[in-house]
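First comes the structure, then the notes that go with it.
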Amino acid sequence: MTSSNKDKVAIITGAAGGIGRSLCKSFREAGYFVVGTVRTMPEDTKDYDAVIQLGLNELVNDPERRIQFEESVRNAIGNRPVKVLINNAAIQILGKTADLKVSDMQISFNVNVLAPFMLAQIFQDDLSKNSGSILNIGTVHARATKSEFVAYATSKTAMHGLTRALAVDLGGQIRVNTLAPAATATPMLRAGFIGNESALNDLEACHPIGRIADVQEISDTALFLCSDQASFITGSTIYADGGILSRLHDPA
Ligand SMILES: NC(=O)c1ccc[n+]([C@@H]2O[C@H](COP(=O)([O-])OP(=O)(O)OC[C@H]3O[C@@H](n4cnc5c(N)ncnc54)[C@H](OP(=O)(O)O)[C@@H]3O)[C@@H](O)[C@H]2O)c1
């Protein structure tokens, strides 16, 4: 445990997801008091100091929900200082342009952009007082995407923009960065390839590094970006992408 982190609060959304759980575990091991937000209460809560139910679409649409959520966090953390906010939860709606509904785009922006913005507002004073930082979990799809990813890629690109705008607007008080992974081996991703191992091998092989990311590699980078060792890094997007964004894909 890093003693400087002892009892400092890290609020992490999407805490029951593949990357979210790994983030919670790593920040907890590093000494943070971890508050995870989830939609459905997980059976196993050993990786959190507190778990709070929060639907991010509801947070955006219902002012009462915002008040209740803030109260729940304040009750859970007591006097501990809030040092880190990680906007990790995301919605990924896939569909061709002609098939996407405007409501698909709206919910994508609510969950992936507006909720992170609101959470930054809610905890701005705390983070500012404690020289804290915000980490938005972005994606390589903000730079290079593929068919059917319009809702996800567009909203995540806005999230990358939010990072830069907040970093400028919050100036010297709060550092704000994006960590943008490429394909990461979460249980859900692996489950999607059961029975189709050759497709997983192809996915691994198309990354110059020869494989996809491990969740621990994402958490380790997040820990660094939120630490005082990263004190001059703000407004940045760090691509943990195994080199895939540097690779030219052409038929030759
Ligand atoms: N895994 C990858 O290959 C990869 C690559 C690049 C970027 N990322 C990014 O990494 C982050 C974590 O992704 P993951 O792979 O760990 O995915 P995941 O396992 O599906 O986790 C996503 C989390 O977001 C939560 N969430 C979705 N909609 C929500 C809503 N309306 N309100 C509140 N929470 C909501 C989910 O809650 P429920 O558990 O209740 O559904 C889930 O816990 C995301 O920002 C994603 O864009 C992942």
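Read the numbers this way: they start at 1 and go in the same order the structure lists the ligands and their atoms. From a predicted model like this one, the values you see are computed outputs, not experimental measurements. Values below: all heavy atoms of this structure, side chains included; hydrogens, waters and symmetry mates excluded.
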Point to revise | Location of contacts on Leu54 toward ligand 1, heavy atoms closer than 4.0 Å | key: backbone

Check your understanding: Side chain, backbone, both or neither: which part of Lys156 comes within less than 4.0 Å of ligand 1 when only heavy atoms are counted?
Key -> side chain

Check your understanding: Would you say the side chains of Asn136 and Thr163 form a donor-acceptor pair under 3.5 Å?
Key -> yes

Point to revise | Test item: side-chain donor near acceptor, Gln106 and Asn110, under 3.5 Å | key: no

Given side chains that start at C-beta, do those of [X] and [Y] come closer than 4.5 Å, heavy atoms only?
X	Y	result
Val84	Val9	no
Tyr152	Ile91	no
Ile174	Gln124	yes
Ser133	Val176	no
Leu223	Phe27	yes

Point to revise | Option passing side chain to side chain contact (heavy atoms under 4.5 Å, CB included) with Arg21 (candidates Val38, Ile12, Asp44) | key: Asp44

Suppose we measure from [atom] to each protein heavy atom; which comes out shortest, and what is that distance?
atom	result
atom 2 (C) of ligand 1	Thr184 N, 3.6 Å
atom 23 (C) of ligand 1	Gly14 CA, 3.9 Å
atom 12 (C) of ligand 1	Asn88 OD1, 3.1 Å
atom 6 (C) of ligand 1	Pro181 O, 3.1 Å
atom 43 (O) of ligand 1	Gly17 N, 3.3 Å
atom 32 (N) of ligand 1	Leu56 N, 2.8 Å
atom 25 (C) of ligand 1	Ala89 CB, 3.8 Å
atom 17 (O) of ligand 1	Gly18 N, 4.6 Å

Review point. For atom 34 (N) of ligand 1, which candidate among Arg39, Gln53, Met41, Met188 provides the closest heavy atom?
Key: Arg39

Review point. Are there more than 12 heavy atoms of other residues, nucleotides or ligands under 6.0 Å from atom CZ of Arg65?
Key: yes

May I ask you to list the atoms of ligand 1 that are less than 4.0 angstrom from any heavy atom of [X]?
X	answer
Thr186	1 (N), 15 (O)
Ala90	24 (O), 26 (N), 27 (C), 28 (N), 44 (C), 45 (O), 47 (O)
Val111	31 (N)
Tyr152	7 (C), 8 (N), 46 (C), 47 (O)
Gly138	7 (C), 9 (C)
Ala183	3 (O)
Ala182	3 (O), 5 (C), 6 (C)

Exercise for review: Using distance alone, decide if ligand 1 has a nitrogen or oxygen within less than 3.5 Å of any nitrogen or oxygen in Ile19.
Suggested key: yes

Review point. Heavy atoms of the protein only: does one fall short of 4.0 Å from atom 39 (O) of ligand 1?
Key: no

Check your understanding: Using 4.0 Å as the upper bound for N to carboxylate O, is an ion pair formed by Asp126 and Arg74?
Key -> yes

Exercise for review: Measure from NZ or CZ of Arg143 to the centre of the six-membered ring of Tyr239, then state whether that distance is under 6.0 Å and the direction lies within 45° of the axis.
Suggested key: yes

**Study point:** salt bridge (Lys or Arg N to Asp or Glu O under 4.0 Å), paired with Asp228, selected from Arg175, Lys8, Lys83
**Key:** Lys83

